[in-house]
Each structure stands twice: as structure tokens, then as C-alpha cells.
Amino acid sequence: MRRLLVAGNWKMNASADMAEQLLAGLRAALPAECDVAVFPPFPYLSAARQQLSGTEVVVGAQNVASEESGAFTGEVSAAMLADIGCGMALVGHSERRQLYGETDYQVLAKVRQLLSHGLTAVVCVGETLEQRKAVKEESVVAEQLSLLISELSDADWERIIVAYEPVWAIGTGETASPEQAQAMHAFIRSELAKVSRDTAEKTRILYGGSVKAANAAELFSQPDIDGGLVGGASLDATEFAGICRA
Ligand code: PGA
């Protein structure tokens, strides 16, 4: 059985005060029925780890360097994230792909870095509105996953979570219907079967794109949706707790 995971991606939001309040709210309303992870901006990661100590909440980063160490000004390595107790990092978020030109090769290199330092990679994939209109959503997502599928082993996949985030649903208030999301999640699972049946069955596939407390239950009840990657709604402790309860 795959345990549901609700993950909050704060993006470039919050302040030290706001982070503290948000995490206090989260601590007070921690659900027993699902796994929870939060992805604050880099400067707040250590404080988040401290504030959440004694809970099962995983603290993760929103990005990681594709290199091990060295002259890469401005980058943060997987070793550093491990050092401060991060358990996960997002990789290949559509904002990174679109705004910073992150490629599938970089995504693979970042995943490798995370795996070699014992972190879990949450790999984001998803099509744009144009690609969906052209009925290319499956080929786009298959392409985004193909290097990971061909290069990584079953053992590697034990530390990878996929997040399907249709770009047209991110921050737009528009959500994929439960049927649209389920169809894509089932497709992703069939692609993962190219690694092995075991990997296809065990890998958690999160849905992301305007998830809120009001639509989470219906999304999470789909057989291949194993939780959510939540942006905007993760900045509101009550709303985020509502999603966890769903
Ligand atoms: P959203 O963002 O929930 O605000 O749509 C999701 C994400 O980008 O991870």
C-alpha cells in the first residue's frame, strides 16, 4: 500500500515570522492519516527542521545543485541539504523548467545527487495548456520521465516520488478534473512499469495544481493519486491542514 503524502511547496514566499507561524499551525493540526512534507525557501530550512523536531514531518528544499561541490556560485548541494536534515527536494518543477531552463538531463543529475546523499527526490512533470490542446500531454510527460526510467534502477526509484502538475493548473485556480488527473497518473504508472512492476506499484505519484481543501478528497480518492503537491494553499495553515485531513 502506498501511503498518501501531502507536500507544501511554499515557493518564494513567506518570511522568518510567517514560516514560524505556519509551522506552528501545522504542528498543532498534524494528521495521523498521511505523510506530510514542507518545502520552505532555503533560508528557512534549518529553522523549520528545528521547529518540527519530534514530528514526522519531512522538511525539503525546492531545488538542489546538479553538481557535487565546488565553484558553482549561488547553488546549494545535496550534501548541504543532508547536512541540515532535509529529507527531500523538489526537482524539475515547471517553474524551474520554464523560467530557468532546467532540462531533463539536469533533472537526472539532480536526482542522482539527492539519491547519493540519501534524500528523496520529488520529480515534477506536466504539460502546458498548448500541449494538452494538441493532445500531447502523454508524450510530453513520457519524455520528461524517460531518462529517469532508462537510467535509474529499482533501488533508486525507492527514493523517487513523481508529482504530476499540469502547468495550466498551477496557481491558476483551475484544477485537472479527478478523471483527467487519474488518467495521467495511470499513464505515468504504466511508464514506470518499464523500470519494473514493483517500481510501478510502489512509486507515489502526487497531483499538483490548485489543490485545496475543497477539492482534495475527490482527487486523493482516485486509485493512482497518492497525495498532493500544494502551492498556494500550503501558505495557509488551516487550508493545508484541511488538505491533509482529506
Ligand atoms: P498551486 O501550485 O497549488 O499554487 O497551483 C502547485 C505547485 O506549483 O507545486
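Just so you know, ligand 1 is whichever comes first in the structure, and atom 1 is the first atom listed for that ligand. Side chains included, hydrogens not; waters and symmetry mates left out as well; all remaining heavy atoms used. Given the structure is predicted, the values throughout are model-derived calculations rather than measurements.
Among Gly171, Pro166, Gly208, Gly8, the residue whose heavy atom sits closest to atom 5 (O) of ligand 1 is Gly171.
Residue Ser210 approaches ligand 1 through these ligand atoms, each under 4.0 Å from one of its heavy atoms: 1 (P), 3 (O), 5 (O). Residue Ala169 approaches ligand 1 through these ligand atoms, each under 4.0 Å from one of its heavy atoms: 5 (O). Atom numbering of ligand 1 starts at 1 in the shown order; those under 4.0 Å from a heavy atom of Asn9 are 9 (O). Counting the atoms of ligand 1 from 1 in the order shown, those under 4.0 Å from a heavy atom of Gly209 are 5 (O).
Ion pairing between Glu239 and Lys212 fails under the 4.0 Å rule for side-chain N and carboxylate O. One finds a salt bridge joining Arg112 and Glu151 here, because a Lys/Arg side-chain nitrogen approaches an Asp/Glu carboxylate oxygen to under 4.0 Å. Arg2 has no carboxylate O lying under 4.0 Å from a charged side-chain N of Glu201, or vice versa, which leaves the two without a salt bridge. Salt bridge Asp35/Arg204: present, at least one basic N to carboxylate O contact under 4.0 Å. The pair Arg97-Asp104 meets the salt-bridge criterion, with a side-chain N (NZ, NE, NH1 or NH2) lying under 4.0 Å from an Asp/Glu carboxylate O.
Taking the six-membered ring where the residue is Trp, Tyr164 and His185 present perpendicular rings, their angle passing 60° and hence far from 30°.
Residue contacts with ligand 1 include Lys11, since one or more of its heavy atoms lies under 4.0 Å from the ligand. The closest approach between Ala233 and ligand 1 stays at or above 4.0 Å for every heavy atom of the residue. Heavy-atom separations between Ser94 and ligand 1 are all 4.0 Å or longer.
Rounded to the nearest 0.5 Å, atoms OG (Ser94) and CD (Gln144) are 9.0 Å apart. The OG1 atom of Thr175 sits 4.5 Å away from the CG atom of Asn215 when rounded to the nearest 0.5 Å.
Using a 4.0 Å cut-off between heavy atoms, Ile170 contacts ligand 1 through both its backbone and its side chain.
Protein heavy atom closest to atom 4 (O) of ligand 1, with residue, atom name and distance, is Gly232 N, 2.8 Å. At the shortest separation from atom 3 (O) of ligand 1 among protein heavy atoms lies Gly231 N, 2.8 Å. Protein heavy atom nearest atom 7 (C) of ligand 1, with residue, atom name and distance: Glu165 OE2, 3.1 Å.
Ligand 1 has an N or O atom lying under 3.5 Å from an N or O atom of His93, backbone or side chain.
Partner Leu45 forms a side-chain contact (heavy atoms from CB on, under 4.5 Å) with one of Val76, Val38, Val59 and no other, that one being Val59.
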